[in-house]
Amino acid sequence: MLQVNFIRQNKERILKGLATRNYKEDSSKLIDSIIEWDDARKETQTALDELLAKNKLFSKEIGGLFKQGKQEDANSLKQQVDANKVKIKALEGDMRDLKDKLDNGLLQIPNVPHDSVPAGNTDEDNEVYKEWTGALPNLGDKALPHWELAKKYNLIDFELGVKITGSGFPLFRGQGARLQRGLINFFLDEASKAGYEEIVPPLLVNEASARATGQLPDKEGQMYYVEKDDLYLIPTAEVPVTNVYRNVIVKEADFPIKLTGYTPCFRREAGSYGKDTKGLNRVHQFDKVEIVQIVHPEKSYAVLETMLDHVAGLLSKLELPYRILRLCGGDLGFTSALTFDFETYSAGQGRWLEVSSVSNFENFQSNRLKVRYKDANNKTQLAHTLNGSALALARIIATLLENHQTPDGIRIPKALQHYVGFDMIK
RNA sequence: GGAGGAGUGGCAGAGCGGUUGAAUGCACUAGUCUUGAAAACUAGCAUAGUGAAAGCUAUCGGGGGUUCGAAUCCCUCCUCCUCCGCCA
């Protein structure tokens, strides 16, 4: 969330950002309310502090009076303290109300989009940041979508997934399972080579973690929830991996902090239907390798570029045609300031599929996470956080199967061959 | 799941109702000394709110309570350790 002081000083900028995000209702009032609540909070705080200070002093005096045996003086002071306590109780109640209001208000304001973010409503308005310049694979009429290829070569059994769990939980087998495992290792090795520390995090997280990275309350319905233990199944490794640094003050010299992690991801995808959910296009459980960086605020946009390069390198090694989109305001995630999506061309479906999303959250996420560092003046400052998928498995497998299909089977790109242990799916 | 013990600053560890936001040691930072380093000595060294600042306030695992006053007493939850049970 945004800091109140930032909101105070940048009202116009925020309103402009909300317009870019295609927010219909006027948020001007909300911003004014937030500032009013914060003013009231400060005032109440000051009043409260004064009373507390008074009582503290009185209590010390009472202690002294008792020692001197001046019971009566002590007792009259006690009455004053008691009177103050009533006022304190009331002020404390006011404080709680104001903080609740303030927090709820702040949670409704999304991050301010970066200047380069185009205005727009839906994914149709996203800007093509880097077009694919090579030829798209032309496989003719014989090109099969991945769900048919998966069946033909016995790689994925969607029906068995339904039997065991339900729709959206594919079961990989044989060479399909090997491909899955090989890709995970390939992505992790590439991330390690790029200097990311590998993490194997918990797959269930508590409320505090889900809140800190912004999944709560914005995306509550998206997560599977284990009521009995009050835990959430992670929708992305971003949640546990970024939370490693929740409430941590890092040394400036430790920047950049680079973490990577492979995890399954669980998403309820409530309300999804139609062709988007066919095959591996949209599933409830998929595997993903995530890269996360925590960096100095001045460096975050340069770091974003290096993360784009990293993802682009992976796709090149997998010999997949891709393009990069700059998300428009309407498609931009709540917590993000700037997001680039990678799409690979899906030759069997004749469409582009999103396989990665790389974002700079600036200090929006770190404000909730409380990831900070000390600057040159020894002042505590919020760090910037970024993350990206490198990469999401299910859709990569989909495009890999579709693009590399040949009459003799499915060709495994060279970079991947020693990871999966074969060069052809037959 | 049952029984017992414990949670204090970056770490170790005192304090167990009253100038204690917290002794002491280690670590860390700066200075003195030194050709340089080490050692020694001196000083600094939690987070947050508020304020121009001095300061004031909150925080000794979380929450609640007793009291004029709580790190210290009570309740509750969480976590860790030991033993028993169960179990990859």
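The sequence lines fix the lettering, A, B, ..., with proteins before strands; numbering per chain opens at 1. All heavy atoms count here, side chains included; hydrogens, waters and symmetry mates do not.
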*Asks:* Checking side chain to side chain donor-acceptor pair (under 3.5 Å) for the pair A:Thr46/A:Asp49: CA distance, chi angles, key distance, verdict?
*Replies:* CA-CA 5 Å; A:Thr46 308; A:Asp49 284 357; over 6 Å; no
*Asks:* For A:Asp230 and A:Tyr225, test the side chains for any donor-to-acceptor distance below 3.5 angstrom and give the result as yes or no.
*Replies:* yes
*Asks:* Which value, in whole Å, describes the distance between the P atoms of nucleotides B:A27 and B:A39?
*Replies:* 8 Å
*Asks:* Do A:Glu92 and A:Lys89 sit within salt-bridge range, that is, some charged N less than 4.0 Å from a carboxylate O?
*Replies:* no
*Asks:* Do the side-chain N and O atoms of A:Glu290 and A:Ser389 include a donor-acceptor pair separated by under 3.5 angstrom?
*Replies:* no
*Asks:* Using the P atom as the point on both nucleotides, what is the distance between B:U47 and B:A40, in whole Å?
*Replies:* 27 Å
*Asks:* Taking atom C1' in both B:G15 and B:A23, compute the distance separating them and give it to the nearest angstrom.
*Replies:* 8 Å
*Asks:* Pairs counted as Watson-Crick or G-U wobble with both distances under 3.5 Å: what dot-bracket string results for RNA chain B, using | for bases tied to another strand?
*Replies:* ((((((((.[[[..)..(.....]]].(((((.......))))).(((((....))))).[[[[[..)....]]]]])))))))....
*Asks:* Distance check, C1' atoms only: B:U67 and B:C83, in whole angstrom units.
*Replies:* 39 Å
*Asks:* Please list every donor-acceptor pair under 3.5 Å in which a side-chain atom of residues 417-426 of chain A meets a protein atom from a residue at least two apart or in another chain.
*Replies:*
from, atom 1, to, atom 2, distance (Å)
A:Gln417, NE2, A:Ile412, O, 3.0
A:Tyr419, OH, A:Asp189, OD2, 2.7

*Asks:* In residues 34-41 of chain A, what donor-acceptor pairs under 3.5 Å come from side-chain atoms, sequence neighbours left out?
*Replies:*
from, atom 1, to, atom 2, distance (Å)
A:Asp38, OD1, A:Arg41, NH1, 2.2
A:Asp38, OD2, A:Arg8, NH2, 2.9
A:Asp39, OD1, A:Arg8, NH1, 3.2
A:Asp39, OD1, A:Arg8, NH2, 2.7

*Asks:* Could you tell me from which nucleotide to which nucleotide of RNA chain B, 5' to 3', there is an atom under 4.0 Å from chain A heavy atoms?
*Replies:* B:G18 to B:G69
*Asks:* Using the C1' atom on both, measure B:C60 against B:U72 and round to a whole Å.
*Replies:* 10 Å
*Asks:* Tell me which of A:Leu52 and A:Thr380 sits closer to the 5' end of RNA chain B, going by the nucleotide each one is nearest to.
*Replies:* A:Thr380
*Asks:* With rounding to whole Å, what would you report as the distance between B:U24 and B:U79 at their C1' atoms?
*Replies:* 28 Å
*Asks:* Give me the distance, rounded to whole Å, that separates B:G44 from B:G36 when you measure between the C1' atoms they each carry.
*Replies:* 25 Å
*Asks:* Taking only the C1' atom of each, what is the distance from B:A38 to B:C33 in whole angstrom?
*Replies:* 12 Å
*Asks:* Is the A:Tyr373 ring parallel, tilted or perpendicular to the A:Phe255 ring (thresholds 30°, 60°)?
*Replies:* perpendicular
*Asks:* Please work out if A:Leu48 contacts a base, only the sugar-phosphate, or nothing of the nucleic acid, heavy-atom cut-off 4.0 Å.
*Replies:* nothing
*Asks:* Indicate every side-chain donor-acceptor pair of residues 93-106 of chain A with a distance under 3.5 Å to a residue at least two apart or in another chain.
*Replies:*
from, atom 1, to, atom 2, distance (Å)
A:Asn104, ND2, A:Asp100, O, 3.3

*Asks:* Enumerate the ring-ring contact (aromatic ring centres under 6.0 Å, His included) contacts for residues 74-118 of chain A, please, sequence neighbours excluded, ordered by first and then second residue.
*Replies:* A:His114-A:Tyr301
*Asks:* At 4.0 Å (heavy atoms only), tell me whether A:Asn55 reaches a base, stays on the sugar-phosphate, or touches nothing.
*Replies:* nothing
*Asks:* Assign each of A:Ser59 and A:Thr46 to its nearest nucleotide of RNA chain B by heavy atoms, then name whichever residue's nucleotide is nearer the 5' end.
*Replies:* A:Ser59
